[in-house]
Amino acid sequence: MRRLRAMGRLGVLARRDSGQVTIEFLGMTPLIIITLVLLWQFVLVGYTFTLAGNAADEAVRAGTAASPGERQGACEAAGLEKLPDAWNGTVECGTGGGYVTADVELQVPVLFPGAIGFPFTVEGHAGAVEEETD
C-alpha cells in the first residue's frame, strides 16, 4: 500500500514538471535569437573586409596595366566591378614614385545587404609597382 502511495506522489510530481522544458526554452529564445543576429552581423563585417581587400587588389592590378592617362578610370572601374550590388563604396587610385595605390572604402550593411549601412566604413588598401609601357 505504501508503495502505491509513493508511486502516486511521484506521478503527481512528474505531471507538475511536464511543461518545464518548454518554459525554459521559451525563456532562452530571445537570447538565442540575439546571439544568431550578432553572429550574422559579424559575418557581414568580415565579408566586407574581404570584399574591400579584393576590390583594392583588382583596382591596383588594373591601374598598373593601364596607361597613365587612363589609370584613374580603369582603376575605379576594376575596383567596383567585382563588388556585389548591395555594397556601396568608393575607390581612389594614386600614383607616385613609380608606385600605384588603390584605397577602397565600403559601407558595412546592417543585417541585410542592400538595406541600410552602419555609419562607419571598412577600408582596403593595395599597392603595386608601376609597369613601364612602351
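These numbers come from the heavy atoms of this one structure, side chains and all, not from hydrogens, waters or symmetry mates. Bear in mind that the values here come from a model prediction, so they are computed numbers and not experimental data.
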Return all side-chain donor-acceptor pairs below 3.5 angstrom for residues 96-108, not counting sequence neighbours, or 'none' if the list is empty.
residue : atom : partner : partner atom : Å
D103    : OD1  : H125    : ND1          : 2.4
Q107    : NE2  : F118    : O            : 3.1

Transitively linked via ILVMFWY side-chain contacts under 4.5 Å: [X] with [Y]?
X: W40; Y: L31; answer: no
X: M28; Y: L36; answer: yes
X: I33; Y: V43; answer: yes

> Does a sphere of radius 6.0 Å around CD in Q41 hold more than 12 heavy atoms from other residues, nucleotides or ligands, not counting ones at 6.0 Å or beyond?
Replying inline: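 Yes, CD of Q41 has more than 12 neighbouring heavy atoms, counting only those of other groups under 6.0 Å.
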> What's the spacing between T29 OG1 and I34 CD1 if we round to 0.5 Å?
Replying inline: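 With rounding to 0.5 Å, OG1 (T29) is 11.0 Å from CD1 (I34).
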Donor-acceptor pairs under 3.5 angstrom involving side-chain atoms of residues 46-59: please list them, not counting sequence neighbours.
residue : atom : partner : partner atom : Å
T48     : OG1  : L44     : O            : 2.7
T48     : OG1  : W87     : NE1          : 2.8
T50     : OG1  : G46     : O            : 3.1
E58     : OE2  : R61     : NH1          : 3.1

> Which atoms form the tightest heavy-atom contact between C93 and Q72, and what is the distance?
Replying inline: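 What the structure gives for the nearest pair is O-OE1, 2.9 Å.
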